[in-house]
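Report on the following structure.
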Amino acid sequence: MKIGFDGKRAVQNYTGLGNYSRYIAEILCRFYPENSYLLYAPKKRDNKRLEKLTEQFRQLSIIYPKGTFWKKLSSIWRIKGITRQLEEEEINLFHGLSNELPLNIHKSPIKSIVTIHDLIFLRFPQYYHFIDRKIYTYKFRKACENADRIIAISECTKRDIIDYFQIPASKIEVVYQGCDPIFEQTVCEEIKKEIRNKYQLPARFILNVGSIEDRKNSLLAVQALLQLSKDIHLVIVGKRTPYTKKIEQFVNDHHLTKRVHIFSNIPFSDLPVFYQCAEIFTYPSYFEGFGIPIIEALHSGTPVVAAKGSCLEEAGGPDSLYINPNSVEEIGVAFNRILNDNSLRQKMVENGKQFVKRFSDQEQAKLIMNIYEKTCKL
């Protein structure tokens with residue numbers, strides 16, 4: 001088959017949707033090399049991780065708008081003009097990897113699939129600007145209506161697509177996400193020591209990874225430090241937002257400056273050491289589409305404490321601990337259980353590593369390719 005992807009995020013984003021887009025392209029190239037894979041992107045941008053993929057896999061290429069007109073109006077090209085180009089290049093199937101499809105794709109002979117990651121902007125509108133919500137709602141709904149098939153990244157997201165957009169369940173299939181293989185590899189002690197020294201990481205710490213914003217609820221983990229032994233620190237890794245100041249204010253007010261460490265712009269290659277050196281990984285987010293950091297933690301052999309209420313139980317499995325995202329007491333109790341019970345910790349690590357095998361690259365690639373083949377037969 002000749003498969004096209006919406007490659008905007010793969011080219012322009014270095015986290016989140018960009019990671020997902022590159023991950024899907026990579027695993028399909030690796031396990032189904034007989035196909036051609038074309039990432040359609042509106043603009044060029046230096047991206048070393050993507051360049052590495054195109055060098056490694058000859059069947060993967062990046063395609064940009066043709067002609068001066070569409071190069072100048074690249075954002076409109078992605079919404080509409082791209083469809084003619086897909087037809088000219090005889091694409092069999094087009095996969096919108098990040099919640100969107102060209103608005104006129106359903107009028108072409110090309111089969112289409114869209115991955116919907118989450119509908120958080122509808123569940124928690126207070127976290128989004130009004131105009132952004134309106135744009136997202138229109139784009140996501142149209143993509144779901146026009147696509148031949150929909151991939152939801154969790155059962156939770158599938159339920160939301162049905163509830164908010166009235167899409168029949170028979171049109172939606174759940175394919176969980178995996179994570180970069182870098183997190184499956186044990187880092188040697190020499191490298192761990194080097195990275196520890198580089199960032200002056202504390203001897204014992206709980207780790208939180210993700211954008212530092214209200215919805216991610218990192219403050220809950222900070223507040224829980226008051227219930228823990230003073231030798232336990234908290235390391236937060238993520239993009240800073242105004243919410244970070246709220247955390248820093250609490251830290252200052254409660255004399256926790258020596259126990260809370262916030263890092264931004266950490267190189268991706270250094271992240272596995274953070275996970276593998278942590279005593280616990282925590283993800284107290286109010287709502288997520290899936291929760292890739294949890295998968296990264298389980299691969300790293302790090303026990304997980306996450307919030308109830310969205311899809312995090314799907315990512316963490318039955319042996320992670322789950323808490324009310326509004327309860328400082330619950331998260332503190334969960335932390336102390338793991339820190340003070342070595343047998344519980346060992347059970348969580350061992351069972352977590354078994355559970356996370358269901359998110360293997362090969363399994364995800366197989367599920368996606370089965371959907372592609374089924375869609376092309378519609």
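All of these numbers come straight from a predicted model, not from anything done at the bench. What's counted below: heavy atoms across the whole structure, side chains too, no hydrogens, waters or symmetry copies.
Checking side-chain atoms of E90 against main-chain N and O of K2 turns up no donor-acceptor pair under 3.5 Å. Using modelled atom types, one side-chain atom of T157 and one backbone atom of H117 make a donor-acceptor pair closer than 3.5 Å. Checking side-chain atoms of E184 against main-chain N and O of C179 turns up no donor-acceptor pair under 3.5 Å.
Atom CD of E329 has 12 or fewer neighbouring heavy atoms from other residues, nucleotides or ligands inside a 6.0 Å radius. Residue Q185 qualifies as enclosed at atom CD: its count of foreign heavy atoms under 6.0 Å is above 12. Enclosure of atom CG in N265 is not indicated, since only 12 or fewer non-hydrogen atoms of other residues, nucleotides or ligands lie within 6.0 angstrom.
No side-chain heavy atom of F274 sits less than 4.5 Å from a side-chain heavy atom of T302. You'll find the side chain of L225 stays beyond 4.5 Å of the side chain of H254, heavy atoms only. Inter-residue side-chain proximity for I120 and Y286 is flagged as unmet; no heavy-atom pair is nearer than 4.5 Å. Between V260 and F250 there is no side-chain heavy-atom pair separated by less than 4.5 Å. Here the side chains of D6 and V114 are not in contact, with every heavy-atom distance at 4.5 Å or above. Under the 4.5 Å side-chain criterion, counting only non-hydrogen atoms from C-beta, L28 is not in contact with F57. Two residues are said to be in side-chain contact when any heavy atoms from C-beta on lie closer than 4.5 Å; Y136 and N99 fail this criterion. Within the 4.5 Å cutoff, the side chain of V187 has heavy atoms near those of the K192 side chain.
By the side chain to side chain donor-acceptor pair (under 3.5 Å) test, D148 is found to be paired with no residue, residues two or more places apart in sequence or in another chain being considered.
A distance of 6.5 Å separates CG in L53 from CG in L60, rounded to the nearest 0.5 Å. Between atom OH of residue Y322 and atom NZ of residue K308 there is a gap of 11.0 Å, rounded to the nearest 0.5 Å. Note that CG of L50 is 12.0 Å distant from CZ of R45, once rounded to the nearest 0.5 Å.
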**Request:** I would like to know whether Y199 and D270 meet side-chain hydrogen bond (donor to acceptor under 3.5 Å, both in side chains); could you show each step before the answer?
**Result:** CA-CA 10 Å; Y199 297 102; D270 289 352; 2.6 Å; yes
**Item:** Derivation of the side-chain hydrogen bond (donor to acceptor under 3.5 Å, both in side chains) call for W77 and Q85
**Value:** CA-CA 10 Å; W77 170 83; Q85 193 168 328; 3.1 Å; yes
**Message:** Applying salt bridge (charged side-chain N to carboxylate O under 4.0 Å, His left out) to K357 and E363, what does each step give before you reach the verdict?
**Reply:** CA-CA 9 Å; K357 288 180 179 179; E363 181 63 20; over 6 Å; no
**Message:** Please determine whether salt bridge (charged side-chain N to carboxylate O under 4.0 Å, His left out) holds for the pair E100 and K142, giving the CA-CA distance in whole Å, both sets of side-chain angles, and the decisive distance to 0.1 Å.
**Reply:** CA-CA 8 Å; E100 299 177 55; K142 280 294 182 183; over 6 Å; no
**Item:** Evaluation steps, side-chain hydrogen bond (donor to acceptor under 3.5 Å, both in side chains), between N340 and R337
**Value:** CA-CA 5 Å; N340 299 320; R337 281 186 64 194; over 6 Å; no
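By the 30° and 60° cut-offs, the orientation of the rings of F121 relative to F140 is perpendicular. Using cut-offs of 30° and 60° on the angle between ring planes, the pair F290 and F359 is perpendicular. The aromatic rings of Y37 and F5 lie parallel to each other, with less than 30° between the two planes, well short of the 60° mark. The aromatic rings of F287 and F124 lie tilted to each other, with the angle between the two planes from 30° to 60°.
Relative to the six-membered ring of Y176, R358 misses at least one condition, a distance below 6.0 Å or an angle of at most 45° to the axis. Remark: K366 fails to qualify as a cation-pi partner of F31 under the 6.0 Å distance and 45° angle criteria applied to the six-membered ring.
Side-chain rings of F205 and H261 stay apart, their centers remaining 6.0 Å or farther from each other.
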